[in-house]
Amino acid sequence: ANTTANSARGIHIHSSKHNTIADNTISNNHQGIFLRGNDCGSDDDPGASSGNIITNNNIHSNSYSGIFLLCHAEDNIIMKNSIVSNAQYGLISAVFSLNNQIYNNNFIDHTIQVYTQVYPGRVPRAKDILNLAAPTGGNYWSNFDTQAEGCDNINGDNFCDAPYISTSSGIPVKDNL
């Protein structure tokens, strides 16, 4: 377990596979965890940063984002993290970053909880998986945890009966549980 604070990026993984980032406290950076592949201008670099696991981290109070996935950050697992009070975004997935499994995280108090970025002229490819079947489930969203916000639990299974949907990027990002 490590503590990282007061830098541009708390943890920066660039074009690297099969790393585990676990049990860290990451705060007061510009970006908490930055996971990036190589070529943002091309679809020819699939899986440049793949197979990584980000788990059990406390990611808070960063000035831009908690987690930023960029340029072929694909097929990673992001689970069981507390992503709290990052100034703008909880998580950003951008430019050919897809098929990431993002579940059992706590997204608390961000201007935008999750954002899938699309650049002009690019085809939207928002294919990150934000939930697994019960009993594993999805994520906790602080802006979707009461009946007034649309989170009813009529059947008593401890999951909201309606999906959490973020449309902040123009692409619906949906967590079904």
Practice task
State plainly whether one hydrophobic cluster holds both Ile108 and Phe144, where clusters connect Ile, Leu, Val, Met, Phe, Trp and Tyr through side-chain heavy atoms under 4.5 angstrom apart.
Solution key: no
Practice task
Would you tell me whether Ser7 and Asn29 have side-chain atoms, one donor and one acceptor, within less than 3.5 Å of each other?
Solution key: yes
Practice task
Show the numbers, then the answer: is there a side chain to side chain contact (heavy atoms under 4.5 Å, CB included) between Phe107 and Leu91?
Solution key: CA-CA 9 Å; Phe107 287 93; Leu91 181 137; 3.8 Å; yes
Fill in the blank from the handout: dist Ser93:OG -> Asn100:CG (nearest 0.5 Å) comes out at 5.5 Å
Practice task
Can you measure from OG (Ser49) to CZ (Arg36) and round to the nearest 0.5 angstrom?
Solution key: 9.0 Å
Practice task
Check the pair Ile78, Asn105 against side chain to side chain contact (heavy atoms under 4.5 Å, CB included), reporting the backbone distance first and the verdict last.
Solution key: CA-CA 8 Å; Ile78 300 168; Asn105 299 288; 4.1 Å; yes
Handout entry: NE2 on His110 to CG on Asn86, rounded to 0.5 Å
Key = 4.0 Å
Handout entry: Whether Asn52 side chain and Asn19 backbone form a donor-acceptor pair below 3.5 Å
Key = yes
Exercise for the section: State whether a side-chain donor-acceptor pair under 3.5 Å links Gln113 with Asn143. Expected result: yes
Practice task
Could you grab the distance from atom CG of Asn57 to atom CG of Asn81, nearest 0.5 Å is fine?
Solution key: 5.0 Å
Completion exercise
Only one of Asn24, Ile26, Ile33 passes side-chain contact (heavy atoms from CB on, under 4.5 Å) with Thr4, and that residue is Ile26
Problem - Tyr103 reachable from Tyr140 in the ILVMFWY side-chain graph, under 4.5 Å edges - result: no
Practice task
Apply side chain to side chain contact (heavy atoms under 4.5 Å, CB included) to the pair Ile102 and Asn139, showing each step before the final yes or no.
Solution key: CA-CA 8 Å; Ile102 304 164; Asn139 299 284; 4.2 Å; yes
Fill in the blank from the handout: side-chain contact (heavy atoms from CB on, under 4.5 Å) test vs Ile13 passes for just one of Ile54, Asn76, Leu35, namely Leu35
Practice task
Answer yes if the side chains of His30 and Ser63 hold a donor-acceptor pair under 3.5 Å, and no otherwise.
Solution key: yes
Handout entry: Check: Asn6/Asn28 side-chain N/O donor and acceptor closer than 3.5 Å
Key = no
Problem - Counterpart residues, ring pair (Phe, Tyr, Trp, His ring centres under 6.0 Å), relative to His14 (two or more places apart) - result: His12
Problem - Atom pair CG/CG of Asp23 and Asn56 - distance to nearest 0.5 Å - result: 5.0 Å
Practice task
Would you check if the side chain of Thr55 reaches a backbone N or O of Met79 as a donor-acceptor pair within less than 3.5 Å?
Solution key: yes
Practice task
Please tell me if the side chains of Phe34 and Leu70 come closer than 4.5 Å, counting only heavy atoms from C-beta onward.
Solution key: yes
Completion exercise
Shortest non-hydrogen pair, Asp109 vs Ser142, comes out as N-OG, 2.9 Å
Problem - Asn2 CG to Thr25 OG1 distance, which is reported to the nearest 0.5 Å - result: 9.0 Å
Problem - Heavy-atom check, side chain of Ile83 versus side chain of Asn106, under 4.5 Å - result: no
